[in-house]
Amino acid sequence: MHLYSTLTKTTEPLTTLHPDRVYLFVCGPTVYDYSHIGHARTYVVFDVLAKFLRSTGKEVFYLQNITDVDDKIINRAKEEGISQSELARKFEREYLRDMQALGINAVSYYARATTHIPEIIDQIGRLLDRGVAYVTEAGVYFNVDTFERNGELSGQERAKRVSRVTDESKHNPNDFALWKLGEYGEYTWDSPWGRGRPGWHIEDTAISEKYFGQQYDIHGGGLDLIFPHHEAEIAQMESLEGKHPMVRYWMHTGFLTVNGEKMSKSLGNFITIRDATKTWKPDVLRYFLLLSHYRSPLQATDEGLANAAKRLEHIRAIAQEDMGPDIFGRKAFTEAMENDLNTPMALATIQRLAANGDIGALKEYGKILGINFLRETSAPLSVLQEIREELRARKQFEVADLIREKMVEAGITVKDRAL
RNA sequence: GCCGGCGUGGCAGAACGGUUAAUGCCUCCGCCUGCAAAGCGGAUGUCCGGGGGUUCGACUCCACCCGCCGGCGCCA
């Protein structure tokens, strides 16, 4: 397996800390709203990565955090007149429901920020002990000047990068909050520095340190998290005991765009997973999302989705008789996946496997990709089709055609035999 | 301004520096079909944003230019 890492900007062979085990951490959602299909892209990609690695015999511990304490949650809860935990739990459930709907089920463990407060406080305490953080009247801050490698991931030089977060009490504008003092309602905790709540970046490192230790293999997330979030994670974790690198492979997924612009909640140009699954089957959505490489931007259009639906239908139509294993096709599939998860190429080989009738491979790879490449037949459908055949045999075409019309409208592909 | 990425046929989207530049959709023709759809067979179509460099040879490497997107508040 070769993976591209944002840290080195090169594609390198995957070597893990433990020979047969992969520790994978992916930044999960902030649960204050429904997720959109841009999120789906990221989570589908890592779902496929984990499943593929497992198919090669690796044990994958896939950890994902749930950010359930955050400004947006506080504000949203206020707006809706419900408690923060009610809101967070609600959208956490909705998130998990969306993930389930899309067949995203490779995550080993979901970890909430709010159930890891002791770990967060402990980690902040150790950062203070090491002299890389300081306390002000507003909270505890990380001193970025103490971390030489700051900017390594994003390629930004420290002097040129200026945070827009203004806070008079900070020593340096680029310093970021580890603990924010104050009363934030329900989600406020006691700490050695006073009551308050954790900063955004510290939850991830507290969680990943608890389950993985200070070094692990792969950290994933959207491209937009590189700065400041992932930079901050590196600074925090590597400052603890100086282990470097905290993570060998930083994987960042490209954006799903709408009219050339990033799909995001703040731009309001997003399509929720909930809505998308009303129109498109999960198989089609996954197929569409995997049709381009995970690091490339991908245009979300109805045309693109429709195209994906047709392609998938085409594969199902040509994958009929089992002709046994297609050795070359299988090899091509594996090679594509191993080449920085080149799913577009892998899907091209699926086409070939379907054409060559390697039903076994289609089943197996379908599980990895979370897409069913084989035509499903249900009892009611075959009964209906039998009736049509009978009508056609009796040359009662009007009724037969009406049934066919209705079936097509319902999205069912009808394939007639010659009379 | 600084940093990162992208620019391939009508569309989406791939490609160890070296055969006719994947795959699918679209379009056209034929076969098949009760008629369609699906399937099958075939055809049209791009010389890879631009002009340079390196090389025996570049879509693939290097520098530059143009265009687009993103990060430097929040964001997968």
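These numbers come from the heavy atoms of this one structure, side chains and all, not from hydrogens, waters or symmetry mates.
- Distance from the side chain of A:Gln351 is smallest to B:U23 among B:A76, B:U23, B:A14.
- Across the strands present, B:C47 finds no partner; the criterion is a Watson-Crick or G-U wobble pair with both atom distances under 3.5 angstrom.
- Among the nucleotides B:A76, B:G39, B:A36, the one closest to any side-chain atom of A:Ile318 is B:G39.
- Atom CG in A:Asp416 sits about 12 Å away from atom P in B:A36, given to the nearest Å.
- Note on A:Gln320: nothing from the nucleic acid sits closer than 4.0 angstrom, heavy atoms only.
- Under the Watson-Crick or G-U wobble criterion, with both distances below 3.5 Å, B:G7 is paired with B:C66.
- The CG-P distance, from A:Leu347 to B:C25, rounds to 14 Å in whole Å.
- In this structure, A:Lys262 atom NZ and B:C69 atom P are separated by 14 Å, rounded to whole Å.
- No engagement by A:Gly220 is indicated, since no non-hydrogen atom pair under 4.0 Å with the nucleic acid exists.
- Contact annotation: the side chain of A:Lys170 never approaches that of A:Thr136 to less than 4.5 Å [non-hydrogen atoms, C-beta and beyond].
- At the phosphate of B:A38, neither OP1 nor OP2 sits under 4.0 Å from any side-chain N or O atom of A:His314.
- If you check B:G1 for Watson-Crick or wobble pairing at under 3.5 angstrom, you find it paired to B:C72.
- Here the separation of B:C48 from B:C61, taken at their P atoms, is 15 Å to the nearest Å.
- With sequence neighbours left out, A:Gln385 forms a side-chain contact (heavy atoms from CB on, under 4.5 Å) with A:Arg388, A:Glu389, A:Met407, A:Val414, A:Asp416.
- Of the side-chain N and O atoms in A:Thr67, none sit less than 4.0 angstrom from OP1 or OP2 of B:A76.
- As judged by a 4.0 angstrom heavy-atom cut-off over every strand, A:Thr257 is placed among residues making no nucleic acid contact.
- Between A:Arg295 and A:Asp340, at least one side-chain nitrogen of the basic residue sits less than 4.0 Å from a carboxylate oxygen of the acidic one, meeting the salt-bridge criterion.
- The listed nucleotides are B:A76, B:A14, B:C74; the one nearest the side chain of A:Lys72 is B:C74.
- At the heavy-atom level, A:His229 lies nowhere under 4.0 Å from the strands shown.
- To the nearest angstrom, C1' of B:A76 lies 10 Å from CZ of A:Arg41.
- Nearest-nucleotide mapping onto RNA chain B: of A:Glu398 and A:Met345, the residue sitting toward the 5' end is A:Met345.
- In this model, a donor atom of one side chain and an acceptor atom of the other lie less than 3.5 Å apart for A:Glu209 and A:Gln123.
- One C1' atom belongs to B:C26, the other to B:G7, and the distance between them is 22 Å to the nearest Å.
- Across the strands present, B:A12 finds its partner in B:U23; the criterion is a Watson-Crick or G-U wobble pair with both atom distances under 3.5 angstrom.
- Going from atom NE2 of A:His201 over to atom C1' of B:G73 covers 11 Å, rounded to whole Å.
- Between the P atoms of B:A63 and B:C3, the separation comes to 13 Å (whole Å).
- In this structure, the CD atom of A:Glu389 is 12 Å from the C1' atom of B:G34, given to the nearest Å.
- Between A:Phe25 and A:Tyr216, the ring-plane angle classifies as tilted under the 30° and 60° cut-offs.
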Which pairs, protein N/O on one side and nucleotides 7-12 of chain B N/O on the other, fall under 3.5 Å?
none

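- Separating the C1' atom of B:C29 from that of B:G70 is a span of 45 Å, rounded to the nearest Å.
- If you check distances only, the side chain of A:Asp401 does reach the base of B:G34 with a donor-acceptor pair under 3.5 Å.
- The base of B:C35 is paired with the side chain of A:Arg404 by a donor and an acceptor separated by under 3.5 Å.
- Under the side-chain contact (heavy atoms from CB on, under 4.5 Å) rule, A:Gln236 has a single partner from A:Leu127, A:Asp204, A:Ile124, which is A:Leu127.
- Enclosure of atom CD in A:Glu398 is not indicated, since only 12 or fewer non-hydrogen atoms of other residues, nucleotides or ligands lie within 6.0 angstrom.
- Pairing for B:G30 is with B:C40, a Watson-Crick or G-U wobble pair whose two hydrogen-bonding atom distances lie under 3.5 Å.
- Spacing of C1' atoms, B:U27 relative to B:G10, comes out at 9 Å, to the nearest Å.
- Counting any heavy atom pair closer than 4.0 Å across all strands shown, A:Ile226 reaches no nucleic acid atom.
- Counting to the nearest Å, the P atom of B:C68 and the CZ atom of A:Phe255 are 19 Å from each other.
- A salt bridge links A:Arg97 to A:Glu94: at least one charged side-chain nitrogen sits closer than 4.0 Å to a carboxylate oxygen.
- Across all strands shown, nothing is found opposite B:U60 as a Watson-Crick or G-U wobble partner with both distances under 3.5 Å.
- Separation of the P atoms belonging to B:A22 and B:G9 is 14 Å when rounded to the nearest angstrom.
- Each of B:A76, B:A14, B:G39 was ranked by its minimum atom distance to the side chain of A:Leu256; first place goes to B:A76.
- With rounding to whole Å, A:Tyr294 atom OH is found 17 Å from B:G13 atom P.
- Under the 30°/60° scheme for interplanar angles, the aromatic rings of A:Tyr95 and A:Tyr43 are found to stand perpendicular.
- Test A:Val107, A:Ile207, A:Leu24, A:Val26 against A:Leu63 for side-chain contact (heavy atoms from CB on, under 4.5 Å) and you get one pass: A:Ile207.
- Between A:Trp250 and A:His219, the ring planes are parallel. Angles under 30° get that label, and only those over 60° would be called perpendicular.
- Both A:Ser292 and A:Phe397 lie near RNA chain B, and the one whose nearest nucleotide falls closer to the 5' end is A:Ser292.
- The shortest distance between the side-chain N/O atoms of A:Lys310 and the OP1/OP2 oxygens of B:A38 is not below 4.0 Å.
- In this structure, A:Arg352 reaches neither bases nor backbone, as no heavy-atom distance under 4.0 Å exists between it and the strands shown.
- Ranking B:G34, B:A14, B:C75 by closeness to the A:Arg388 side chain, first place goes to B:G34.
- As rounded to the nearest Å, B:U19 and B:A58 have P atoms that lie 11 Å from one another.
- Within the nucleic acid shown, A:Asp71 has no heavy atom closer than 4.0 Å to any nucleic acid atom.
- Listed nucleotides B:A76, B:G5, B:A14 differ in distance to A:His39; the shortest reach to its side chain belongs to B:A76.
- Straight-line distance between the P atoms of B:C64 and B:G1: roughly 14 Å, to the nearest whole Å.
- Among the protein residues, A:Arg392 comes within range of the nucleic acid bases, having at least one heavy atom under 4.0 Å from a base atom.
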